[in-house]
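Contents: one structure, followed by commentary.
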Amino acid sequence: MIRAENIVKEFNGNLVLKGISAEFYPGKTNLIIGRSGAGKTVFLKTLVGLNQPTSGKIWYGNTDLFSLDKKALRKIRMEVGMLFQGSALFDSLTTEQNIRFPLDMFTNMTKKEKIDRVNYCLARVNLENANNKYPSELSGGMQKRVGIARAIVLEPKYLFCDEPNSGLDPKTSILIDELIKSITVENNITTIINTHDMNSVMEIGDNIVFLHNGLVEWNGNKSQVLGSNNELLQEFIFASPFLRRLRDAARKL
Amino acid sequence: MFRNFFFHFGRYVQMLKLSLGKPEKFYMYWNEMLRMMNDIGIGSLVIVILISVFIGAVTAIQFAYQLGGQLIPKYYIGYVVRDMTIIELAPTITGLVLAGKVGSNIAAEVGAMRQKEHIDAMEIMGVNTAGYIVLPKILAALVVIPMLVAIAAFVGIVGGYLSSVPTGWLTSTDYVKGLHEFFLPRNVSMMYVKATVFAFILTSVSCYQGYYVKGGNIELGEASTRAVVYSNILILLSDYVIAVLLTG
């Protein structure tokens, strides 16, 4: 489990996170949602340790992330996988080399073991036979899947996804969501997804943290969204008239 | 202004300190170093040779022209070309050229890695990014650039020969005699000291500019330009300091 405790983050006098406390559970897809500028990315980067909070604590299980020395932090980091918004695949490396990078860097596996592990991860994201393709030869959806394969290659306990659906068509978005969900459940990973994709909210939102103006405005799950009386949440989720009509129809049922 | 200078200097030293951390896997660093040695060494060989041959040639012709009808032996042309090339022209001009070619390339490459979140991705994996990205580049430059400078010196001397002997300014025997006269081996040491210092400056400054880049493409271009400008200034400054220290 990951727990954020009263996280405050300030950039040059600008308070972006104003005291966020939230819990993220293993085996569940935990979503951070909110409008652009609500502090989602800053919060995610703080959770993963890329940003040092101005005050507050991040707990990975019983370990305070920001009290660790370099060696202990590196050990925790090896239990973390992250899918970036732009996939962050290394352009000069093939798909196989990209996925193998963490194995090369941190394990003493033989070459065959590494290739087997890479092939397993590629099969897991339905990308068999893409080993020798470069990132520039892959579509956006395929790049995301390679990003997921690289994130899970070291069998992480924690998986972070920064807007995994951005730039993808709805069908591919659903495939990516389903993939993240199934990997999370299979491996009992604590998965935290930063998104403003409404399909994701309604399909895989096991635990949803809605941020507004640097604070947690609402916390619940996908089945509680419809019945919530929080106006800001309703405005955010059902922003379009079409979705509002759908919501009203669903409520009548 | 001073605050800004100390901020950047402190961060630069911090980056270098971080880059000296223990490698996670030695062979990954080694592979990266080999890639950079190829990029810097083989990739810059043609331009270094081209520039050096012309610099040697021009030095010889201009010195011969200045000698005119004076009572200075003609073989001095070979002597002057040799010492000018070894002590000053080969290391400094090669350093300045490489600051432009290699320095801007390094700043752009590292800066693009920062912008595309490659560095963040490595950080999250637990990689010491300063170590993996910066250290192999510096080490590769420290190995390859002195070699390039030695080649530049040799080619410069050959350039001097080609421009002065076939054109009749002096005989081959005179030129070769000049090359042998008043030779001080420590001048070659000075050349290597300069080459090593310049290699360190141009790679570390360029890595720094790229590693901490913020913003978009315009900022990346600016970082690349700063890498070249600051490297050039520091190369010229250190050239002066080394000259004072080693000839005093």
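Just so it is clear, the structure is predicted and the values come from calculations on it, not from any experiment. In what follows, every chain begins at residue 1, and chains take the letters A, B, ... in the order their sequences are listed.
Proximity to chain B is limited to the side chain of Lys70(A), based on heavy atoms less than 4.5 angstrom apart. Neither the backbone nor the side chain of Ser92(A) comes within less than 4.5 Å of any heavy atom in chain B.
The minimum heavy-atom distance linking Glu123(B) with Arg77(A) is given by the pair O-CD, 3.0 Å. Minimum interatomic distance between Gly86(A) and Glu117(B) (heavy atoms only, all atoms of both residues): N-OE1, 4.2 Å. Heavy atoms only, all atoms of each residue included: Leu89(A) and His118(B) are closest at O-NE2, 2.8 Å.
Residues Arg74(A) and Asn128(B) meet the side-chain proximity criterion, which asks for heavy atoms closer than 4.5 Å.
Contacts from residues 135-143 of chain A to chain B, taken as heavy-atom pairs separated by less than 4.5 Å, involve no residues at all. Taking non-hydrogen atoms and a 4.5 Å limit, the residue list of residues 17-35 of chain B in contact with chain A, ordered by number, reads Leu18(B), Lys22(B), Glu24(B), Lys25(B), Tyr27(B), Met28(B), Tyr29(B). Applying a 4.5 Å heavy-atom cutoff, the residues of residues 114-122 of chain A that approach chain B are Lys114(A). At a heavy-atom cut-off of under 4.5 Å, chain B is reached by Lys45(A), Val48(A), Leu50(A) from residues 43-63 of chain A, listed in order of number.
More than 12 heavy atoms of other residues, nucleotides or ligands shown are found within 6.0 angstrom of CZ on Phe90(A). A 6.0 Å sphere centred on CD1 of Ile218(B) holds no more than 12 heavy atoms belonging to other residues, nucleotides or ligands. For Tyr132(B), the OH atom is densely surrounded, since the number of other residues' heavy atoms within 6.0 Å is greater than 12. Residue Phe66(A) places its CZ atom among more than 12 non-hydrogen atoms of other residues, nucleotides or ligands, all under 6.0 Å distant.
Atom-to-atom distance recorded for Phe84(A):CZ and Lys116(B):NZ is 14.5 Å, nearest 0.5 angstrom.
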